[in-house]
Number of protein chains: 2
Amino acid sequence: MKKGLSETCYRFFVNLANPARLSILEQLMNQPMSVNELAESIGQEQSMVSHNLKPLLECNFVYIKRDGKKRIYSVNKETVGALFKTVENHAEKFCPTGGKCHLKEG
Amino acid sequence: MKKGLSETCYRFFVNLANPARLSILEQLMNQPMSVNELAESIGQEQSMVSHNLKPLLECNFVYIKRDGKKRIYSVNKETVGALFKTVENHAEKFCPTGGKCHLKEG
DNA sequence: TTTTCATATGTGTTATCTTTCATATAAGCT
DNA sequence: AGCTTATATGAAAGATAACACATATGAAAA
């Protein structure tokens with residue numbers, strides 16, 4: 001474990017600690033999508049999706065590709081796949097409520 | 001990818017998206033420690049460490065063990081080790097600044 | 001049982017992030 | 001060029017979390 005990893009981790013996890021961004025990543029694990037397709041599939045406004053795609057793109061959690069007027073976003077499966085796998089494993093084995101943890105309510 | 005994983009992930013990552021909690025986990029990857037030892041090693045107040053240990057404990061990112069007056073905390077290496085490995089890999093391969101990402105400043 | 005050490009909890013202020021609405025940019029079509 | 005579609009950006013209000021300080025609990029020793 002390198003010194004200062006905490007700082008790297010912090011940016012990394014702050015980026016992920018948001019329900020809209022996680023939904024975006026989850027959707028993109030299925031298939032690449034345009035902004036409006038994402039907005040519809042997660043039930044959020046286009047501007048919100050754009051706002052949230054920005055930090056995901058900056059940290060290369062997602063990639064972008066032009067297609068006419070559209071911007072097709074895809075996910076970095078190596079990183080995001082690994083993360084989701086770790087979360088699933090943790091939820092199964094360690095989460096007392098099997099994934100329905102309550103960070104605050106308990 | 002199961003439906004609703006986003007919700008699980010959210011709690012999970014919110015828990016991690018905090019510099020004090022990440023420092024705690026980083027320290028505990030080296031060795032189990034008491035609260036005061038943790039406080040000293042990360043340079044934070046005892047009350048802050050306690051506050052931050054609480055959610056880590058609730059989600060079983062860390063474990064606790066009594067030792068006289070002290071409470072010795074240890075880390076869930078399976079989950080936290082996997083996460084740190086993923087972050088390191090991402091920082092090396094994908095982070096444009098090699099781990100010194102700027103979520104906001106750029 | 002009082003004192004001390006170790007840790008946990010409560011609270012209010014400050015700082016940060018989220019969200020929405022309005023607007024800007026940008027590409028392609030007519 | 002003007003229009004339409006697609007996406008990005010700005011800014012302000014509202015929601016949420018962090019932090020520091022004070023205090024409470026709890027265990028052990030005297």
Side-chain angles (χ1 to χ4, degrees), chain A residues 6-7 9-25 27-28 32-59 61-75 101-106, chain B residues 6-7 9-25 27-28 32-59 61-75 101-106:
Chain A
S6 294
E7 176 66 14
C9 287
Y10 176 61
R11 310 261 180 216
F12 190 95
F13 291 126
V14 162
N15 206 162
L16 295 168
N18 176 283
R21 288 195 287 276
L22 287 167
S23 292
I24 287 171
L25 294 175
Q27 290 302 315
L28 293 180
M33 271 187 248
S34 73
V35 176
N36 278 322
E37 285 168 340
L38 272 171
E40 188 177 10
S41 72
I42 71 171
Q44 297 288 340
E45 292 188 0
Q46 172 269 314
S47 74
M48 192 178 166
V49 172
S50 278
H51 274 301
N52 283 301
L53 279 167
K54 193 181 180 185
L56 291 176
L57 190 60
E58 281 171 353
C59 284
F61 286 120
V62 302
Y63 304 120
I64 190 172
K65 178 185 70 162
R66 281 248 169 77
D67 175 26
K69 283 182 252 186
K70 297 186 181 175
R71 316 271 171 109
I72 307 299
Y73 284 85
S74 57
V75 72
C101 317
H102 37 71
L103 195 54
K104 295 294 237 185
E105 305 96 306
Chain B
S6 293
E7 177 66 13
C9 287
Y10 176 60
R11 310 261 181 216
F12 190 95
F13 291 126
V14 162
N15 207 161
L16 296 168
N18 177 283
R21 289 195 287 276
L22 287 168
S23 292
I24 287 171
L25 293 175
Q27 290 303 315
L28 292 180
M33 269 187 249
S34 72
V35 177
N36 278 322
E37 285 168 340
L38 271 172
E40 188 178 9
S41 72
I42 70 171
Q44 297 289 338
E45 292 188 0
Q46 173 270 315
S47 76
M48 192 180 166
V49 172
S50 278
H51 274 299
N52 283 302
L53 279 167
K54 193 181 180 184
L56 291 175
L57 190 60
E58 280 171 354
C59 284
F61 286 121
V62 302
Y63 304 121
I64 189 172
K65 180 184 69 160
R66 281 246 169 79
D67 175 25
K69 284 183 251 186
K70 298 187 182 177
R71 317 272 170 106
I72 307 298
Y73 283 85
S74 56
V75 71
C101 316
H102 37 71
L103 195 54
K104 296 292 238 184
E105 304 96 304

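These values consider heavy atoms only, across backbone and side chains, with no hydrogens, waters or symmetry-generated copies. A note on names: the letters A, B, ... follow the listed sequences, proteins ahead of strands, and every chain is numbered from 1.
- As a whole-Å value, the separation of A:K65 NZ from D:dA6 C1' is 16 Å.
- C:dC5 atom P lies 16 Å from atom CD of B:E40, rounded to whole Å.
- In the set C:dA6, C:dA8, D:dT4, the nucleotide with an atom closest to the side chain of A:K69 is D:dT4.
- Counting to the nearest Å, the P atom of D:dA17 and the OH atom of A:Y10 are 13 Å from each other.
- For A:N52 (side chain) and A:M48 (main-chain N/O), a donor-acceptor pair under 3.5 Å exists by modelled atom type.
- Toward the 5' end of DNA chain C, the nearer of the two residues A:G68 and A:A17, judged by each one's closest nucleotide, is A:A17.
- To the nearest angstrom, P of D:dT5 lies 18 Å from CD1 of A:I72.
- Whole-Å rounding puts the B:Y73 OH to C:dT7 C1' distance at 8 Å.
- The side-chain contact (heavy atoms from CB on, under 4.5 Å) check on B:A17 picks up A:F13, A:V14, A:A17, with sequence neighbours excluded.
- When atom types are taken as modelled, the side chain of A:R21 and the backbone of A:N15 share a donor-acceptor pair closer than 3.5 angstrom.
- Of the candidate nucleotides C:dA8, C:dT9, D:dA6, C:dT9 has the atom lying nearest to any side-chain atom of B:K54.
- One atom, CD1 of B:I24, and another, P of D:dC19, lie 11 Å apart when rounded to the nearest Å.
- Distance, A:R66 CZ to C:dA26 C1': 8 Å, rounded to whole Å.
- Residues A:Q27 and A:M33 are in side-chain contact: their nearest non-hydrogen atoms beyond the backbone lie under 4.5 Å apart.
- Nucleotide D:dT25 holds its C1' atom 19 Å from the NZ atom of B:K70, rounded to whole Å.
- Of the residues in residues 42-53 of chain B, B:E45, B:S47, B:M48, B:H51 come within less than 4.0 Å of DNA chain D through at least one heavy atom, sorted by number.
- Annotation: side chain of A:L38 is in contact with side chain of A:L53 (closest heavy-atom distance under 4.5 Å).
- Heavy-atom distances to DNA chain C give each of A:N18 and A:R71 a nearest nucleotide, and the one nearer the 5′ end belongs to A:N18.
- When side chains are defined from C-beta on, A:I72 does not count as touching A:I64, because their heavy atoms never get closer than 4.5 Å.
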Subject >> A:S41 vs A:E37, side-chain hydrogen bond (donor to acceptor under 3.5 Å, both in side chains): CA-CA, chis, key distance, verdict >> reply: CA-CA 6 Å; A:S41 72; A:E37 285 168 340; over 6 Å; no
